[in-house]
2 protein chains.
Amino acid sequence: MTVSRVVNMKGNVKQATAERIQRAIAKVDYRPNIGARRLSGGRTYQILMIFNNPNVTWTAKLLIGMMHACRNIGYHLLIEGVGDYEGDTIGLPIDYEEITKLLDPSRIDGVILPPPICFDRRLLEIVREKAVPCVRIAGTPAQDIQLRVSIDNFAAAYELANYFISEGHENLAIIKGPGDYVASALRFEGFSASIRDHGLKLSPSNIQTGNFDVQSGNECARELLRLKDRPTAIFASNDEMAAGVLSAAQESRIRIPEELSVAGFDDAPIARSVWPKLTTIRQPLRAMGEKSVELLESYIRQINNESDETVQSNVLLDYELKVRQSSGTCPIAKH
Amino acid sequence: MTVSRVVNMKGNVKQATAERIQRAIAKVDYRPNIGARRLSGGRTYQILMIFNNPNVTWTAKLLIGMMHACRNIGYHLLIEGVGDYEGDTIGLPIDYEEITKLLDPSRIDGVILPPPICFDRRLLEIVREKAVPCVRIAGTPAQDIQLRVSIDNFAAAYELANYFISEGHENLAIIKGPGDYVASALRFEGFSASIRDHGLKLSPSNIQTGNFDVQSGNECARELLRLKDRPTAIFASNDEMAAGVLSAAQESRIRIPEELSVAGFDDAPIARSVWPKLTTIRQPLRAMGEKSVELLESYIRQINNESDETVQSNVLLDYELKVRQSSGTCPIAKH
DNA sequence: CTGAAAGCGCTAACAT
DNA sequence: ATGTTAGCGCTTTCAG
């Protein structure tokens, strides 16, 4: 029993005894049997991640972070894919009945929701009703579900626009993400704000909306490149769409970055596999995955009164502007 | 007890009783508590996948298949990344001590090894010693570890070369994968064999070796495109390298597919996100993931004498040649 | 501050 | 063909 107390850092144990036990634990490489723990205590030591993002690469990076954190704190990670996450499109229907079953507190201690499922109002409602501890990744705080891990999307896009403008660009364009992505909306806000703050204008014809895949980036770019007053810099709200911009430019024999600057968002693998390599905002996905698990766990400890520290509900991690070959000085400003 | 027998399809139960129990199970949506099961029986109901492939996208597809299969048969999937799987390079050292710990039969019932870690002799030796049931993905059968899921890499590459030749190409080139990938070596063999069988020759200068990333594909392609007698068709052993070939051709203003045909392997997302889209061999990664779990489970059942059917040790799944815009008729053959 | 007793849900082994 | 007993390793509760 005293061993149990030491392992769980719960209850009072004499300092000396605790140390003696710690030593023994290290010696035998003892690790609690998670099954027995689950059987006995009320907790399940399982965390669920539900994802419906068709961009598996993106989700996989988060996943790796979650895996690591879970192992460190002795949790199991369950992964549930909903919707057609193998296809190329997004926004496919979610089976709420199935999800409701999964969210049974007798099977999991908490849930992590990455985008875009973390923006789904109906799902959030279910989570709230079932009172399942929940951490959302990206977006803004939502009703009754405060736990969240993100980067500052507004600031990141603001900084990117600043960079474009510092390179002499005045005619900027943006390809927004799908409407239901709150994170993407914030990027748009940040981008616009910088333009406004520099006394420039973002004309409505310079605003396109894609759906985060390469094809849509290509199509939006065609529209933009066809404009009489063609923009000299395009910000696509993720790297896949930015890759589509690149291919559209190549089709039209527009040289990058000499005639057109392009930037993406995420620093996904594709950012470095296209040519030229993409200027982008790096999002620390792996760290975000780790943090989300840690945040969830400390919250679970808190509501079980196993911890006295208050849990910070909003974790903002650092992003980073990566300038690569797809962007440069504005051609018009050159002379 | 009788319920347990029904659930596990083990021992003799009267038909009528079994059906009655089945109905009750469905009614209550009963699902066995995996923790209790583990605590009681000898088995852990956990399968481990160890991966060290830096191409997370590739591994993620497998993973999704494994997840699904695991849920269906009531297993947990543990995922362990070793090596620097976040970086862009491969072949980094594996921590054998750590792996040896993970392979403890008291913690897992079996292990699944995707490439390239499934080609590691020392690891296979450890697996054999510890007598952990093991399924390998890709490659050829190995000493004492017979369970394997794959496609026929030789035949696939053979078919691809056939296709090139049927389009009139006679001067073919190949970019091989790293030496330790057995699957990649088989692709080389198949490609060469087809060329030979058609009475053509694969000149040594038309053989390059990359390391499966875009950059190396680009570099190998530069070598090939610099040749006096430039090849008209290049087969890169995966899609990432093929994307590199594309960019090298674009740098040299060589039009695709008019002047050069390019093909990759895998049908990874990048195959459809580059421009022009890549001709490639589709590998059913998700199905391979599912099969690997199912194969492992039936083997585990067999060695525990819970099943009388003999387990097929080699599962070969179907590949598919996908012809897209990056390849076409040989320019020389046109007139 | 430490320990003893009971029980979580399941299965192996042993009855019947 | 079905039921009974015991125990897996842990935590909760209650006693010292």
Side-chain angles (χ1 to χ4, degrees), chain A residues 1-47 70-71 73-76 78 104-110 297 300-308, chain B residues 1-46 70 73-76 78 104-110 297 300-308:
Chain A
M1 191 53 234
T2 302
V3 172
S4 172
R5 274 190 268 261
V6 171
V7 169
N8 296 294
M9 302 181 294
K10 208 165 142 186
N12 298 325
V13 181
K14 209 194 331 179
Q15 183 68 22
T17 324
E19 275 165 16
R20 197 158 45 91
I21 291 175
Q22 298 278 21
R23 243 175 292 129
I25 285 178
K27 194 170 175 186
V28 206
D29 189 27
Y30 165 86
R31 311 235 213 132
N33 179 318
I34 197 169
R37 225 181 207 181
R38 187 178 313 176
L39 201 52
S40 161
R43 283 169 53 192
T44 66
Y45 295 90
Q46 298 199 129
I47 286 177
C70 276
R71 177 144 23 92
I73 62 176
Y75 265 69
H76 274 331
L78 302 185
D104 184 353
S106 74
R107 311 202 86 85
I108 56 161
D109 290 344
E297 197 258 354
I300 292 167
R301 290 178 64 90
Q302 186 186 279
I303 59 175
N304 286 18
N305 300 315
E306 292 169 15
S307 157
D308 33 352
Chain B
M1 194 52 232
T2 302
V3 171
S4 171
R5 273 190 268 264
V6 170
V7 169
N8 296 292
M9 301 180 297
K10 208 163 139 186
N12 299 324
V13 180
K14 212 195 327 181
Q15 184 68 21
T17 323
E19 274 165 18
R20 197 159 45 90
I21 290 174
Q22 297 277 20
R23 244 175 290 130
I25 285 178
K27 194 171 174 183
V28 207
D29 189 29
Y30 165 84
R31 309 235 214 133
N33 179 317
I34 197 169
R37 228 181 203 178
R38 189 178 323 186
L39 203 51
S40 160
R43 284 169 51 192
T44 65
Y45 295 89
Q46 298 200 126
C70 277
I73 62 175
Y75 265 69
H76 275 331
L78 303 185
D104 185 353
S106 73
R107 309 201 89 85
I108 57 162
D109 289 346
E297 197 258 355
I300 292 167
R301 289 178 64 89
Q302 186 186 280
I303 60 174
N304 286 19
N305 298 316
E306 290 169 18
S307 157
D308 35 354

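We name chains A, B, ... by the order of the sequence lines, and we start the count at 1 in each one. The shown structure was predicted, so the numbers you read here are calculated from the model rather than taken from an experiment.
- Atom pair A:Leu39:CG and C:dC8:C1' shows a separation of 4 Å (rounding to whole Å applied).
- In this structure, B:Arg37 places its CZ atom 9 Å from C1' of C:dC10, rounding to the nearest Å.
- Taking atom CZ on A:Arg43 and atom P on D:dG9, their separation rounds to 21 Å, with Å as the unit.
- If you take NZ of A:Lys14 and P of C:dC1, they are 9 Å apart, rounded to a whole angstrom.
- Taking side-chain N and O atoms only, A:Lys10 has no distance below 4.0 Å to OP1 or OP2 of D:dT11.
- Judged by distance alone with a 3.5 Å cut-off, a donor-acceptor contact links the side chain of A:Arg5 to the base of C:dG3.
- If you find the closest nucleotide of DNA chain D to A:Ile34 and to B:Ala18, the one lying nearer the 5' end belongs to B:Ala18.
- For the pair B:Asn8/B:Arg37, a side-chain contact is recorded, criterion being any heavy-atom separation below 4.5 Å from C-beta on.
- Nearest heavy-atom pair across A:Val6 and A:Ala18 is CG2-CA, 4.0 Å.
- In this structure, B:Asn33 atom CG and C:dC8 atom P are separated by 12 Å, rounded to whole Å.
- For A:Met1, counting side-chain heavy atoms from C-beta on, the closest listed nucleotide (C:dA4, C:dC8, C:dT11) is C:dA4.
- A:Glu297 places none of its side-chain heavy atoms less than 4.5 Å from the side chain of A:Tyr45.
- One finds a side-chain N or O of B:Tyr30 lying less than 4.0 angstrom from the OP1 or OP2 phosphate oxygen of C:dC10.
- The separation between A:Arg31 atom CZ and D:dC10 atom P is 13 Å, rounded to whole Å.
- A donor-acceptor pair shorter than 3.5 Å cannot be found between the side chains of A:Asn33 and A:Arg38.
- Atoms CZ (A:Arg38) and P (C:dC10) sit 13 Å apart, rounded to a whole Å.
- Closest approach to the A:Thr2 side chain among C:dC1, D:dG3, C:dG3 is made by C:dG3 (side chain taken as heavy atoms from C-beta onward).
- When rounded to the nearest whole Å, the span between CZ of B:Arg20 and C1' of D:dA1 equals 12 Å.
- For D:dA1, the OP1/OP2 oxygens have no side-chain nitrogen or oxygen of B:Thr17 closer than 4.0 Å.
- With contacts defined as side-chain heavy-atom distances shorter than 4.5 Å, the pair B:Leu78/A:His76 qualifies.
- In this structure, A:Asn8 reaches the D:dT11 phosphate: one of its side-chain N or O atoms is under 4.0 Å from OP1 or OP2.
- Mapping B:Ser4 and A:Ala36 onto DNA chain C by nearest heavy atom places A:Ala36 at the nucleotide closer to the 5' end.
- Counting distance only, with no hydrogens placed and no angle test, the side-chain atoms of A:Ser40 and the base atoms of D:dC10 include a donor-acceptor pair under 3.5 Å.
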